[in-house]
Trainee: 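Structure in structure tokens, see below.
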Amino acid sequence: MTTADSVPPSDFIRDIVSADLAAGKHSQVVTRFPPEPNGYLHIGHAKSICLNFGIAREFNGVCHLRMDDTNPTKEDVEYVESITEDVQWLIRGWADHVLRFKKPGSGRPEAVSPAEAGAEPFYASDYFERLHDYAVELIKAGKAYVCDLTPEETDRYRGAPDKEGIPSPYRDRSVEENLDLFARMRAGEFPDGARTLRAKIDMASRNVWLRDPLLYRIRHAEHHHSGRQWCIYPLYDFAHCLSDSVEGISHSICTLEFEVHRPLYDWILENLQVPQPRPHQYEFARLNLSYTVMSKRKLMQLVREGRVSGWDDPRMPTICGMRRRGVPAEALRQFAFSIGVTKYNGVTDVAVLEHSIRTHLNQHALRRLGVLRPLKVTLTNLPENHSEQLAAINLPDNPEAGSRLIPFSRHLLIEQDDFMEIPPPKFFRLRPGGEVRLKYGYIIRCDDVVRDASGTVVELLCTADLDSKTGGATSNRKVKGTIHWVSAPDAIRAQVRLYERLFSVPEPDAGDGNFLQHLNPDSLQTVEAFLEPSLAAATLEERYQLERVGYFYLDKESQGQNPVFNRTISLKDSWSKGTAKA
RNA sequence: UGCCUCAUGGUGUAAUGGUAGCACAAGUGACUCUGAAUCACUUUGUCUAGGUUCGAAUCCUGGUGAGGCAGCCA
């Protein structure tokens with residue numbers, strides 16, 4: 001368990017849960033994460049997942065994963081599968097024990113561990129029959145009616161926030177007529193949009209969501225989970241609170257935009273015979289991240305227009321995208337806790353996320369050597385057939401991670417950036433006549449440069465101080481710079497994808513302009529890199545740091561002799577920052 | 001100009017009537033076989049005007065600013 005996972009955060013929602021428990025309002029804390037399966041989960045959802053699962057875990061409760069699938073025209077099994085996978089990946093090793101799925105084959109929702117055979121997430125659509133019965137109960141109580149207004153008329157009658165609504169002419173139908181019409185709606189006698197079921201509340205309410213809100217609409221459409229069983233579907237407000245009630249949710253946590261819906265949430269549960277204690281809704285501010293867009297619509301647009309390679313493109317703020325990029329789940333969780341939970345709608349600096357990622361990776365990523373943009377170095381005082389193995393540490397400050405051997409020879413490759421003919425002040429890498437240490441190896445001096453026809457330096461002729469090898473006689477000689485390298489004949493080739501922020505401005509969707517105009521044209525650069533041979537055995541279980549370069553993760557589609565690596569994130573670089581300013 | 005919500009350094013967050021703290025970012029220095037990491041230090045804040053109180057970021061009133069709400073979406 002990481003430090004982040006063991007420090008219990010505190011916020012206004014946890015304070016409420018804590019107080020409710022102390023007051024004996026609930027015997028057990030039951031939260032839920034209720035995504036609609038109409039898109040992929042992103043880091044904003046990760047905040048909500050960490051909140052709901054975190055609370056369940058801290059208060060010895062459980063958390064249901066529930067598909068909020070009441071709109072058959074927008075949802076798909078593709079999304080329920082990705083959502084289920086992403087949630088489990090995010091909480092693995094941290095909150096698996098509080099995650100609850102639906103017991104297979106049970107008519108009543110019964111929570112089981114996902115490990116149980118046949119277990120699957122909860123579905124709001126599993127409650128359609130029960131929701132229907134609740135609707136009938138409301139009709140019988142004279143608190144709901146069938147309305148024949150067209151969609152346009154319904155809008156007009158609703159009025160505006162500062163203008164009272166007008167009651168529907170169908171508002172006072174008899175209970176018998178409502179029952180009959182609702183049954184015929186269910187039986188499929190009417191076309192889409194012909195009639196709705198509405199709650200009878202208050203058309204003059206200051207809160208527009210209380211102006212006889214729609215409970216059911218007609219949709220002759222196949223549902224991804226319930227098939228063709230239904231042609232009427234409940235709307236969010238009716239389905240959500242009752243799903244919470246059916247599952248015995250104690251604290252229903254959602255984002256700020258549902259604040260105005262809370263009176264309706266409460267109205268429905270108070271006007272129906274539901275088990276007590278009933279759930280209550282609490283709202284927190286959704287995550288906004290700088291240099292990022294978060295809305296499903298915009299992410300969908302990036303995918304559809306081919307601006308990225310897919311939902312799991314490593315530049316996407318989706319959970320699957322970040323996973324593919326190499327962001328560890330622990331880093332995402334640590335981030336979620338570090339930003340807190342409030343009702344203030346602000347923008348979190350993406351640097352906070354990057355910091356969480358770097359902190360975790362610095363502690364866990366295996367160190368390797370690799371050159372992205374090669375410059376030849378020939379060690380003229382070494383014989384052509386010189387070959388030796390140099391020991392290299394896998395993880396500084398963690399001897400248990402052991403070490404490995406790196407081949408070393410007369411012909412090396414170093415980073416082009418690590419040599420300058422006419423360096424600026426304080427440049428302490430290689431220069432003509434200068435010395436530098438090869439990481440884990442010798443100190444070398446640059447004696448001469450070789451140029452091509454255009455005058456570009458294509459090779460450095462150097463001599464190695466043979467006593468300066470790590471552990472050798474003059475190994476303690478001070479040279480200001482240490483650079484990474486690979487042995488040219490031994491290096492493996494790899495495609496390395498260098499990712500940067502997808503957008504070049506802090507708030508790409510601010511203002512009225514098109515967010516696409518702020519796409520960073522350099523968000524992906526691909527290079528053919530040269531890596532130390534041990535990286536041929538790279539796996540998806542490990543993350544790597546190419547020393548002095550950044551953190552890298554094997555791409556999930558990488559295969560064969562020439563692997564593909566994604567740069568998760570660069571190392572902090574106070575040198576180029578300083579020179580850029582100068 | 002209806003209703004709901006929010007306002008603490010550049011950013012995010014803590015302080016629940018009693019010394020305004022933390023993290024990120026930024027900067028300076030030390031150290032360094034990663035210009036990373038680490039360590040030390042520094043800069044920057046309670047939207048505003050009143051009121052209550054011995055004492056207010058906190059409670060009250062007014063103002064200002066920001067966000068949300070008028071889908072048969074969630």
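Please read all numbers here as calculations on a predicted model, not as lab measurements. Lettering of chains follows the sequences in order, A, B, ..., and the numbering in each one begins at 1.
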Trainee: Specify the separation, in whole Å, of atom CG of A:Asn394 and atom P of B:rU34.
Mentor: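 From A:Asn394 CG to B:rU34 P: 16 Å.
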
Trainee: What's the CG-P distance between A:Asp573 and B:rA36, to the nearest Å?
Mentor: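 Answer to the nearest Å: 8 Å.
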
Trainee: Treating primed atoms plus P, OP1 and OP2 as sugar-phosphate and everything else as base, which nucleotides of nucleotides 69-74 of chain B get B, S or - for protein heavy atoms under 4.0 Å?
Mentor: SBSBSB

Trainee: Looking for any heavy atom pair under 4.0 Å, which part of the strands does A:Arg429 touch: base, sugar-phosphate only, or nothing?
Mentor: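 Result for A:Arg429 = base.
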
Trainee: Counting side-chain heavy atoms from C-beta on, which of B:rC4, B:rC24, B:rG2 comes nearest to A:Glu259?
Mentor: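 Among the listed nucleotides, the one closest to the side chain of A:Glu259 is B:rC4.
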
Trainee: Quick one: side-chain hydrogen bond (donor to acceptor under 3.5 Å, both in side chains) partners of A:Ser487, sequence neighbours excluded?
Mentor: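 Listed in chain order: A:Ser409, A:Asp490.
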
Trainee: How far, in whole Å, is B:rU52 from B:rA23 if one measures between their C1' atoms?
Mentor: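 Result for the C1' pair: 35 Å, nearest Å.
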
Trainee: Salt-bridge test for A:Arg14 and A:Glu58: reply yes if a basic N is under 4.0 Å from a carboxylate O, no otherwise.
Mentor: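 A salt bridge is present here (some side-chain N lies under 4.0 Å from a carboxylate O).
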
Trainee: Any donor-acceptor pair, under 3.5 Å, between the side chain of A:Gln545 and the base of B:rU34, if you only look at N and O atoms?
Mentor: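 A donor-acceptor contact between them is present.
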
Trainee: Answer yes or no for A:Arg543 and A:Tyr553: cation-pi contact, defined as NZ/CZ to six-membered ring centre under 6.0 Å and angle to ring axis within 45°.
Mentor: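 Cation-pi check for A:Arg543 and A:Tyr553: passes.
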
Trainee: Name the stems that RNA chain B belongs to, where each is three or more consecutive Watson-Crick or G-U pairs with both distances under 3.5 Å?
Mentor: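 Output for stems: B:2-7 with B:64-69, B:10-13 with B:21-24, B:26-30 with B:38-42, B:47-51 with B:59-63.
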
Trainee: Measuring only the C1' atom in each nucleotide, how far is B:rG10 from B:rU44? A whole number of Å is fine.
Mentor: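 Per the computed distance, 8 Å lies between those C1' atoms.
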
Trainee: Can you confirm whether more than 12 heavy atoms, excluding those of A:Lys343, are under 6.0 Å from its NZ atom?
Mentor: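 For A:Lys343, atom NZ is crowded (more than 12 foreign heavy atoms under 6.0 Å).
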
Trainee: P atom, B:rU61 versus B:rU5: distance in rounded Å?
Mentor: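 After rounding to an integer number of Å, I get 13 Å for this pair.
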
Trainee: When you measure from the side-chain N and O atoms of A:His355 to the phosphate of B:rC24, is any distance below 4.0 Å, counting only OP1 and OP2?
Mentor: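 So the side-chain polar atoms of A:His355 do come within 4.0 Å of the phosphate oxygens OP1 or OP2 of B:rC24, strictly under.
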
Trainee: Residues in side-chain hydrogen bond (donor to acceptor under 3.5 Å, both in side chains) with A:Asp467, at least two apart?
Mentor: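 Not a single residue meets the side-chain hydrogen bond (donor to acceptor under 3.5 Å, both in side chains) criterion with A:Asp467.
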
Trainee: Between A:Arg437 (CZ) and B:rG35 (P), how many Å, whole number?
Mentor: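 Distance check: A:Arg437 CZ to B:rG35 P gives 13 Å.
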
Trainee: Students often get this wrong, so: under 4.0 angstrom with heavy atoms, is A:Tyr233 touching a base, only sugar-phosphate, or nothing?
Mentor: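 Counting heavy atoms under 4.0 Å across all strands, no contact is made by A:Tyr233.
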
Trainee: What form does the base of B:rG9 take, syn (within 90° of 0) or anti?
Mentor: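 What B:rG9 shows is an anti base, its glycosidic angle lying more than 90° from 0.
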
Trainee: Please give the distance between the C1' atoms of B:rU64 and B:rU48 as a whole number of Å.
Mentor: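 Comparing C1' positions in B:rU64 and B:rU48 gives a spacing of 7 Å.
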
Trainee: Please name all residues satisfying ring pair (Phe, Tyr, Trp, His ring centres under 6.0 Å) with A:His42, sequence neighbours left out, ordered by chain then number.
Mentor: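 Once residues adjacent in sequence are excluded, the partners of A:His42 under the ring pair (Phe, Tyr, Trp, His ring centres under 6.0 Å) criterion are A:His45.
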
Trainee: Check every strand shown and say whether A:Phe427 touches a base, only sugar-phosphate, or nothing at a heavy-atom separation below 4.0 Å.
Mentor: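 Base contact - A:Phe427 has a heavy atom under 4.0 Å of at least one base atom.
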
Trainee: Give me the distance, rounded to whole Å, that separates B:rC24 from B:rG65 when you measure between the C1' atoms they each carry.
Mentor: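 Here B:rC24 and B:rG65 have their C1' atoms 25 Å from each other.
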
Trainee: Which residues pass the ring pair (Phe, Tyr, Trp, His ring centres under 6.0 Å) test with A:His280, not counting sequence neighbours?
Mentor: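 A:His280 satisfies ring pair (Phe, Tyr, Trp, His ring centres under 6.0 Å) with no other residue.
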
Trainee: Under the rule for side-chain hydrogen bond (donor to acceptor under 3.5 Å, both in side chains), what residues qualify as partners of A:Asn178, not counting sequence neighbours?
Mentor: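 For A:Asn178 there are no side-chain hydrogen bond (donor to acceptor under 3.5 Å, both in side chains) partners, ignoring immediate neighbours.
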
Trainee: Between A:Arg358 and B:rA37, does any side-chain N or O lie under 4.0 Å from OP1 or OP2?
Mentor: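 No, because none of the side-chain N or O atoms of A:Arg358 sits under 4.0 Å from OP1 or OP2 of B:rA37.
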
Trainee: Write down the distance separating the P atoms in B:rC22 and B:rA40, rounded off to the nearest Å.
Mentor: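 The answer is 12 Å between these two P atoms.
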
Trainee: Considering only NZ, NE, NH1 and NH2 on the basic side and carboxylate oxygens on the acidic side, decide whether A:Arg548 and A:Glu415 come within less than 4.0 Å.
Mentor: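 No salt bridge links A:Arg548 with A:Glu415.
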
Trainee: When all nucleic acid strands are considered with a 4.0 Å heavy-atom cut-off, which category describes A:Lys469: base, sugar-phosphate, or nothing?
Mentor: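 Base contact.
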
Trainee: In whole angstrom, give me the gap between the P atoms of B:rA15 and B:rA7.
Mentor: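 The answer is 12 Å between these two P atoms.
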
Trainee: Considering only the C1' atoms, how many Å lie between B:rU42 and B:rG55, rounded to the nearest integer?
Mentor: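 Rounded to whole Å, the distance is 31 Å.
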
Trainee: Can you name the residues that form a ring pair (Phe, Tyr, Trp, His ring centres under 6.0 Å) with A:Phe182, not counting sequence neighbours?
Mentor: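 By the ring pair (Phe, Tyr, Trp, His ring centres under 6.0 Å) rule, A:Phe182 matches A:His132, A:Tyr216.
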
Trainee: Could you tell me whether A:Arg173 and A:Asp148 have a side-chain N and a carboxylate O separated by less than 4.0 Å?
Mentor: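 Counted as a salt bridge, because a side-chain N and a carboxylate O are separated by less than 4.0 Å.
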
Trainee: How would you list all residue pairs meeting side-chain hydrogen bond (donor to acceptor under 3.5 Å, both in side chains) that involve residues 388-399 of chain A, not counting sequence neighbours?
Mentor: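 Sorted result for residues 388-399 of chain A: A:Arg368-A:Asn394, A:His386-A:Glu388, A:Glu388-A:Tyr442, A:Glu388-A:Lys469, A:Asn394-A:Arg404.
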
Trainee: What is the separation between atom CD on A:Glu547 and atom C1' on B:rU34, rounded to the nearest whole Å?
Mentor: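 Atom-to-atom, A:Glu547 to B:rU34, this comes out as 5 Å.
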
Trainee: Which residues satisfy the side-chain hydrogen bond (donor to acceptor under 3.5 Å, both in side chains) test with A:Thr154, sequence neighbours excluded?
Mentor: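 For A:Thr154 there are no side-chain hydrogen bond (donor to acceptor under 3.5 Å, both in side chains) partners, ignoring immediate neighbours.
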
Trainee: Who passes ring pair (Phe, Tyr, Trp, His ring centres under 6.0 Å) against A:Tyr79, sequence neighbours left out?
Mentor: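 Here the qualifying residues are A:Tyr40.
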
Trainee: Find the distance A:Glu164:CD to B:rU1:P and express it as a whole number of Å.
Mentor: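 Roughly 17 Å, once rounded to whole Å.
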
Trainee: In whole angstrom, give the distance that lies between atom CG of A:Leu366 and atom P of B:rU34.
Mentor: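 Those two atoms, CG and P, are 18 Å apart.
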
Trainee: What does A:Lys480 touch in the nucleic acid at a heavy-atom separation under 4.0 angstrom: a base, only the sugar-phosphate, or nothing?
Mentor: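 Base, at least one base heavy atom under 4.0 Å.
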
Trainee: May I have the distance from A:Asn476 (atom CG) to B:rU32 (atom P), rounded to whole angstrom?
Mentor: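 Nearest whole value for this atom pair: 11 Å.
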
Trainee: Taking for each residue the nucleotide of RNA chain B bearing the nearest heavy atom, is the 5' side occupied by A:Asp397 or by A:Arg367?
Mentor: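 Final value for this comparison: A:Arg367.
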
Trainee: How would you summarise protein contacts on nucleotides 7-17 of chain B per nucleotide, using B for base, S for sugar-phosphate only and - for none, with heavy-atom distances below 4.0 Å?
Mentor: S---SSSS-B-

Trainee: Looking at B:rA23, B:rG35, B:rA36, which one has an atom nearest to any side-chain atom of A:Phe428?
Mentor: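 Selected nucleotide (nearest to the side chain): B:rG35.
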
Trainee: Whole Å only: how far is the CG atom of A:Leu256 from the C1' atom of B:rC3?
Mentor: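 Atom CG in A:Leu256 sits about 15 Å away from atom C1' in B:rC3.
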
